[in-house]
Protein chains: 2
Amino acid sequence: MVADDQVMVRAGFRMLLAGETDIEVVAEAGTGAEAVAQARRHRPDVVLMDIRMPVLDGLAATQQILAENSAARVLILTTFDLDEYVYEALRVGASGFVLKDDPVEQLLAAIRAVAAGDALLSPAVTQRVISAFARRSHRPAPPELAELTARELEVLRLICRGLSNAEIGAELWISETTVKTHVTHILTKLRLRDRVQAVVLAYEADLF
Amino acid sequence: MVADDQVMVRAGFRMLLAGETDIEVVAEAGTGAEAVAQARRHRPDVVLMDIRMPVLDGLAATQQILAENSAARVLILTTFDLDEYVYEALRVGASGFVLKDDPVEQLLAAIRAVAAGDALLSPAVTQRVISAFARRSHRPAPPELAELTARELEVLRLICRGLSNAEIGAELWISETTVKTHVTHILTKLRLRDRVQAVVLAYEADLF
DNA sequence: TCTCGCCTCCTCCCAAAGGTGGATCCCAGC
DNA sequence: GCTGGGATCCACCTTTGGGAGGAGGCGAGA
């Protein structure tokens with residue numbers, strides 16, 4: 001299915017895909033709302049979705065379509081490669097991202113890839129996602145963390161869920177005094193002042 | 001440059017790439033250590049790097065090569081598509097990831113893409129990265145956050161850096177009592193008990 | 001056997017955090 | 001001119017958190 005607000009663009013895609021024997025355009029839509037309705041009726045395998053569309057934008061439409069038919073695969077089409085679009089699109093569940101000025105083979109490869117259950121991003125987009133991903137994954141865990149005992153890590157985990165010492169004690173079936181001992185040891189080993197800093201460190205190091 | 005511990009595989013790649021006029025194999029390596037040395041001597045634009053290699057594995061070699069020549073682009077080659085490999089490879093700075101049983105055009109496209117400064121992942125790999133990425137990015141921000149005033153957000157930011165009320169006061173040039181007032185308002189609006197829970201919420205909502 | 005690390009619990013003490021109930025000032029909107 | 005919200009500050013109080021120091025039990029390893 002092709003969803004784009006410009007008739008010419010839709011016609012272009014239809015022509016383009018008509019040459020492929022394994023691809024059939026079963027529906028078109030000019031607005032996000034229409035896309036949702038058409039997807040409900042025709043249940044397409046793959047939706048080519050423009051982001052900029054009237055009534056309901058491509059992202060909201062994507063979210064809606066996937067909510068109704070989780071087997072559908074949505075390929076986002078856009079002229080721009082703005083970051084927010086990329087992240088937001090992946091967040092709502094799009095399977096891929098193709099720029100309108102990518103070569104045609106790229107588009108066809110993407111359609112076939114997502115139809116097969118894979119995913120495909122335009123190289124330029126991949127670059128962005130990778131660097132964002134690498135940035136997020138790259139959290140040098142402070143070596144002091146290794147010094148914590150199993151019990152201390154357990155206490156730290158509960159601290160990071162916002163529990164008080166008394167609540168942690170109840171959770172672990174030990175006295176609040178013991179919890180305080182563990183907390184003291186945790187703070188000493190990690191060279192921190194209070195539990196707040198412990199929570200910050202844990203999140204920064206991507207624990208839990 | 002081709003780095004793979006199996007001679008036959010290297011020969012295969014060399015043959016494969018010989019047919020492409022815009023690609024030239026300038027060096028080969030059979031171990032990670034050799035790859036680092038060869039990269040230092042020949043400074044290739046793109047390195048095809050096997051992960052499983054003796055002496056130094058592909059990931060360590062990648063890290064080393066990029067440390068010495070940040071302009072180089074490394075394409076990871078592997079038979080398996082194990083998750084740890086993917087994430088670790090992206091973390092050490094690889095530009096792409098190609099499975100050995102991907103079609104040849106995929107490999108060529110990947111080489112040209114990374115040489116041009118883009119990035120390319122095999123569709124199957126992209127699927128993994130996207131879902132991991134979407135999972136990480138999917139943090140529904142609680143609507144109560146919108147109720148916070150600018151000053152309160154500012155205080156919350158400092159709380160999330162592990163500062164005490166007195167330190168926050170010093171930072172913002174206001175008295176500690178004022179900070180306490182802001183904190184009380186923050187906790188009331190967000191329906192939380194203490195600053196620890198505020199830090200947890202802020203990190204979960206991906207603020208700051 | 002003895003020691004050492006870990007877990008458990010205690011008391012005493014003080015600082016920090018948070019709640020309550022005020023107050024003043026300023027500014028924007030009615 | 002009045003009102004309301006935000007920012008600033010105060011005093012008073014209770015609860016929680018964290019440090020110091022000590023002590024007993026238990027299991028693994030020298």
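Within every chain, numbering begins at 1; the chains are lettered A, B, ... in the order of the sequence lines, protein sequences first and strands thereafter. When reading the values below, keep in mind they use all heavy atoms of this one structure, side chains included, and skip hydrogens, waters and symmetry mates.
The backbone N or O of B/Gly162 sits less than 3.5 Å from a side-chain atom of A/Gln197, completing a donor-acceptor pair. The backbone N or O of A/Thr149 sits less than 3.5 Å from a side-chain atom of A/Glu152, completing a donor-acceptor pair.
Using a cut-off of 4.0 Å between Lys/Arg side-chain N and Asp/Glu carboxylate O, A/Lys100 and A/Asp50 are scored as salt-bridged. With respect to B/Glu154 and B/Arg157, no salt bridge is recorded, no charged nitrogen being found less than 4.0 Å from a carboxylate O. Using a cutoff of 4.0 Å between basic side-chain nitrogens and carboxylate oxygens, A/Glu147 and A/Lys189 are not scored as salt-bridged. The residues B/Arg193 and A/Glu167 are annotated as salt-bridged, a charged nitrogen and a carboxylate oxygen being separated by less than 4.0 angstrom. Between B/Asp194 and A/Arg195 there is no salt bridge, since no side-chain nitrogen of the basic residue lies less than 4.0 Å from a carboxylate oxygen of the acidic one.
With a 6.0 Å radius and a threshold of 12 heavy atoms from other residues, nucleotides or ligands, B/Asp45 has its CG atom at or below the threshold.
Of the side-chain N and O atoms in B/Asn165, none sit less than 4.0 angstrom from OP1 or OP2 of C/dA16.
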Quick test: give all pairs of protein nitrogen or oxygen and nucleotides 6-9 of chain C nitrogen or oxygen below 3.5 Å, distance rounded to 0.1 Å.
unit_1	atom_1	unit_2	atom_2	d
C/dC7	OP1	A/Thr149	OG1	3.1
C/dC7	OP1	A/Arg151	N	3.1
C/dC7	OP2	A/Thr149	OG1	2.7
C/dT8	OP1	A/Arg151	NE	3.2
C/dT8	OP1	A/Arg151	NH2	2.7
C/dT8	OP2	A/Arg151	NE	2.9
C/dT8	OP2	A/His182	NE2	2.8
C/dC9	OP2	A/Ser175	N	2.6
C/dC9	OP2	A/Thr178	OG1	2.7
C/dC9	O5'	A/Thr178	OG1	3.3
C/dC9	N4	A/Thr181	OG1	3.3

- So what's the dot-bracket for DNA chain C: Watson-Crick or G-U pairs under 3.5 Å, [ ] if a pair crosses, | if it pairs off-strand? ||||||||||||||||||||||||||||||
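In this structure, CG of B/Leu156 is placed 15 Å from P of C/dA17, rounded to the nearest angstrom. Summarising the geometry, the separation between CZ on B/Arg191 and C1' on C/dG18 is reported as 19 Å, rounded to the nearest angstrom. Rounded to a whole Å, the CD atom of B/Glu167 is 11 Å from the C1' atom of C/dA16.
Between the side chains of A/Thr178 and A/Thr181, no donor-acceptor pair of N or O atoms lies under 3.5 Å.
When DNA chain D is scanned in the 5' to 3' direction for atoms under 4.0 Å from non-hydrogen atoms of chain B, the outermost contacting nucleotides are D/dG6 to D/dC10.
Distance check: B/Leu99 CG to B/Ile76 CD1 gives 12.0 Å after rounding to the nearest 0.5 Å.
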